[in-house]
*Asks:* 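This is the structure I want to talk about, given as structure tokens.
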Amino acid sequence: MKLPKQTNRFCPYCRKHTLHKITQAKKRTRGTAHPLSRGSKFRIHKRGEDRGIGNHGRYSKPPKPKMTGKKQSKKTDLRYECSVCKKQHMQRKGIRVKKVEFTQ
Ligand SMILES: [Zn+2]
């Protein structure tokens, strides 16, 4: 998908349409976005001493995989930076694209 580097968009801070710079942010995985969430604390607990009894609610055999193959495209994660107040806001909804290109 080809995108312009700058567009006119509504800025919720200035409450009017201003020039915005578009940048593509890297999609973070859940582990990097929430480094000390419940799941990661639990994983640390499983590795350490005093691990408790049993299999932590797991089965002895791994589940059969249902989804096959990798997705070919990723959802866009665009950030819009207002040129007046320099605040950034995110896009409402990402669309699946293989590649994001900026023209000029
Ligand atoms: Zn603004």
Side-chain angles (χ1 to χ4, degrees):
M1 192 173 72
K2 278 181 185 170
L3 283 170
K5 267 185 186 168
Q6 288 180 325
T7 47
N8 237 4
R9 276 193 132 235
F10 179 77
C11 175
Y13 302 98
C14 306
R15 288 189 191 162
K16 61 182 177 186
H17 274 74
T18 52
L19 198 67
H20 279 75
K21 213 161 72 180
I22 310 176
T23 46
Q24 162 88 325
K26 225 182 200 177
K27 212 66 177 194
R28 297 199 296 174
T29 54
R30 207 187 139 78
T32 44
H34 307 269
L36 276 180
S37 68
R38 207 183 105 87
S40 30
K41 274 187 208 156
F42 182 67
R43 255 177 278 124
I44 292 164
H45 162 74
K46 269 204 304 186
R47 245 185 277 148
E49 280 176 43
D50 189 29
R51 288 178 195 143
I53 304 162
N55 204 13
H56 300 284
R58 285 160 196 267
Y59 294 112
S60 54
K61 279 180 186 171
K64 278 185 184 152
K66 274 172 196 157
M67 259 175 48
T68 48
K70 211 173 153 189
K71 282 207 172 71
Q72 294 292 304
S73 56
K74 278 199 161 185
K75 276 189 183 175
T76 56
D77 188 16
L78 302 173
R79 306 284 155 99
Y80 296 93
E81 194 189 300
C82 173
S83 58
V84 180
C85 63
K86 303 280 179 212
K87 287 213 185 229
Q88 253 190 2
H89 31 269
M90 294 184 1
Q91 63 179 2
R92 281 206 190 128
K93 210 175 179 185
I95 39 167
R96 287 209 162 268
V97 285
K98 280 189 176 176
K99 201 168 146 193
V100 177
E101 263 181 72
F102 290 106
T103 51
Q104 285 181 20

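One-based numbering along the sequence shown. Read the numbers this way: they start at 1 and go in the same order the structure lists the ligands and their atoms. Here the structure is a predicted model, which means the values were calculated and not measured.
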*Asks:* Going by the rule side chain to side chain contact (heavy atoms under 4.5 Å, CB included), which residues pair with Lys98 if we only count those two or more places apart in sequence or in a different chain?
*Replies:* Gln72, Ser73

*Asks:* Calculate, to the nearest 0.5 Å, the distance between atoms CG and CZ belonging to Leu78 and Arg92 respectively.
*Replies:*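 With rounding to 0.5 Å, CG (Leu78) is 14.0 Å from CZ (Arg92).
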
*Asks:* Relative to the Zn ion (ligand 1), how many protein N, O or S atoms have a separation of less than 2.8 Å?
*Replies:* 4

*Asks:* If we check side-chain hydrogen bond (donor to acceptor under 3.5 Å, both in side chains) with Thr76, which of these qualifies: Gln91, Arg96, Gln24, Lys93?
*Replies:* Gln91

*Asks:* Taking only residues two or more places apart in sequence or in another chain, which ones pass ring-ring contact (aromatic ring centres under 6.0 Å, His included) with His17?
*Replies:* Phe10

*Asks:* Using 0.5 Å steps for rounding, measure from the CD atom of Glu101 to the OG1 atom of Thr103.
*Replies:*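 The distance works out to 8.5 Å.
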
*Asks:* Give the table of side-chain donor-acceptor pairs shorter than 3.5 Å for residues 82-90, with sequence neighbours excluded, one pair per line with atom names and distance.
*Replies:*
{"unit_1": "Ser83", "atom_1": "OG", "unit_2": "Leu19", "atom_2": "O", "d": "2.9"}
{"unit_1": "His89", "atom_1": "NE2", "unit_2": "His20", "atom_2": "NE2", "d": "3.0"}

